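One structure is given below, encoded as structure tokens.
As a basis for the values below, the full set of heavy atoms in this structure was taken, side chains included, without hydrogen atoms, waters or symmetry mates. None of these values were measured; they are calculated from a predicted model.
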Amino acid sequence: MSNRVRVRFAPSPTGGLHLGGVRTILYNYLFAHHHGGQFVLRIEDTDQNRYVADAEQYIYDCLEWCGLLPDESPLKGGPYTPYRQSERKPLYYQYAQQLVDAGYAYYAFDTVEELEKMRHDLKNEHNPNPQYDHKTRMQMRNSLSLDPKEVVELLNKQTPHVIRIKMPHNKTVSFTDMIRGEIHFDTSLVDDKVLLKADGMPTYHLAVVVDDHLMQITHAFRGEEWLPSAPVHLLLWEYLGWKESMPQWAHLPLILKPDGNGKLSKRDGDRLGFPVFAMDWKDPKTNETTTGFKEIGFLPQAFVNMLALLGWNDGSGQEIFSLDELVQRFSIDRVHKGGAKFDYEKAKWFNHQYIQHAADELLLPLVKPYFEKAGISADDAYMLQVIGLIKERCTLLPDFVQQGYFFFHTPKEIDLASIQAKWEDRKKQFFESWVEILQSLEQWTHDELEQSFNKTMEAHGLKKGDVLLPLRIMLVGGKYGPGVFVIAEMIGKAETCNRVKAALAQLGN
RNA sequence: GGCGCGUUGGUCAAUCGGCUAAGACGCCUCCCUUUCACGGAGGAAUGACGGGUUCGACUCCCGUACGUGCUACCA
């Protein structure tokens, strides 16, 4: 099968792209590339009410940022064009009609009010969610319950109607899920799902089957939440006469919220303070922006790596994988059945790993915008040095600003209290004379600096423990950062002396 | 309510009948570093429960519990 694998990701363009969505994309991508197949992006915009203008472009942007580009898509085109279901609208009717003709589906004329009434009337303690199914359909207004003449009349009058699948009674439908194995359903318990809506658009159920068939999809991955509607799809493949070419299904485990249980939602991110969307999403209706992993400072490689391990591992214990390695090692039978709680701390650990091991040159263009936003600019050579010096203490990209600010500007505030706690007159005298000595220093290198510092220190009868931390705070502002003499070397003589003097002034006598 | 799916430390997880139950994150202790971080060494912490099957069950089977998903002219 290795050359014929075709998979698809079929999002509905309704908003931000969720972690779970990206993971589904990733598994699609990995599977396709592992088998030398194609990865198709199909836009499932069949719900005109939920359509959101910029959502499709946003999906492309996310795919591009993640480096998980499809082989075929509405943008890129391909042999099965069009890839937007709204543009395929005329296609679906004939298949729905075919099902009606064969007796597998029927017209239903019930209005929204009538449906509501039925659900309301039948609702009780034992049946909280009445269905439109074999038990109720004969009480409704459809081509099964109505007189054939009346049906023709209604149709001729162009009465709004939908086409529903006629779920068989007492039939067991089974299939083998690639992740979960044999799964069985009793069709009596499944409702007569709408296949074609009154506006002529297909529902997901019809569209997914028709398009997966037409686009020659061989393996279909989707979230576990789709499992209950699998019997509808299975039957559709059969009724349409395509059963032999039905894709193999894999229902991916859910990504759960970190606390408690349940599917991770955007709300959880807001509540717990971490991103859920791949990139910033600005809701055009509310104008509200939700922060994405990109904007909060993740590297796409780290993001993808983290996601790959949320529900899959290769059994070796290795956790850091390049995309190529993932492609090589990914296999669907090592995907877990159980949902995984999202752990933001672990996600940050992945990013930290990637930043630590990334080349300074790679980091430069990513970090620069953050520096610029903080009013910091410098030539690349200098910035590169700074990046190399501080990257191991940066977890997210914006951390570079906090960790590197003092390399570019005098700290806005210094932690005077920490110096003052043990401040003595002889320390003050030491710093005063050291600053003087620095003027005549032959070479401005960290070695020279350290030597002169130590010599002066000893001459004043002081120890490192007495003055090293004060020096750091004077130069850096706080108790952090790389070697203090390296910092002094970097910022230069004038700036070093100025910072020490300024601090001495603030400390008073 | 019904149906589906799931269940190894706080979290991610290995194990495909031999377990003294890996590893990672987080947490704690120590070392390195007279800062922070990195790095290193340790530590606490796990098989939901009850029955089978078996010489032997975390692994297989059955039940129970718990969790979760679905139950729309949304995907």
Kindly indicate whether the side chain of A/Leu91, heavy atoms from C-beta on, has any atom under 4.5 Å from the side chain of A/Gln85. no
Considering just the side-chain nitrogens and oxygens of A/Lys263, establish if one lies under 4.0 Å of OP1 or OP2 belonging to B/C70. yes
Give a yes/no on whether any side-chain N or O of A/Thr203 is located under 4.0 angstrom from OP1 or OP2 of B/A72. no
Verify the contact: side-chain N or O of A/Arg472 to OP1 or OP2 of B/C36, cut-off strictly under 4.0 Å; return yes or no. no
A/Tyr104 and A/Tyr239 aromatic ring geometry - parallel, tilted or perpendicular at 30°/60° bounds: parallel
Side-chain N,O (A/Asn313) to OP1/OP2 (B/C12) below 4.0 Å: no
Checking side-chain polar atoms at under 3.5 Å, does A/Tyr92 have a donor or acceptor matched by the opposite partner on A/Asp211? yes
Paired with B/A21 by Watson-Crick or G-U wobble geometry, both distances under 3.5 Å: which nucleotide is it? none
When you check the side-chain N and O atoms of A/His161 and A/Asn142, is any donor under 3.5 Å from an acceptor? no
What is the pairing partner of B/C74, taking Watson-Crick or G-U wobble pairs with both distances under 3.5 Å in any strand? none
Partner lookup for B/A41, please. Criteria are Watson-Crick or G-U wobble with both distances under 3.5 angstrom; report none if nothing qualifies. B/U29
Side chain of A/Glu392, heavy atoms from C-beta onward: which of B/C38, B/U68, B/G10 has the nearest atom to it? B/C38
For A/Asp399 and B/C38, give me the distance from atom CG to atom P, rounded to whole Å. 12 Å
What's the closest nucleotide to the side chain of A/Arg164 if the choices are B/U68, B/U71, B/C73? B/C73
Atom CH2 of A/Trp349 and atom C1' of B/G23: how far apart are they, to the nearest Å? 10 Å
By nearest atom, which of the nucleotides B/G1, B/C12, B/C70 is closest to the A/Glu225 side chain? B/C70
Phosphate-side-chain proximity, A/Lys341 and B/U11, N/O vs OP1/OP2 below 4.0 Å: yes
Going by purine N1 to pyrimidine N3 plus the second Watson-Crick contact, or the G-U wobble pair, all under 3.5 Å, which nucleotide sits opposite B/G69? B/C3
For B/C38, does either OP1 or OP2 sit under 4.0 Å from a side-chain N or O belonging to A/Lys391? no
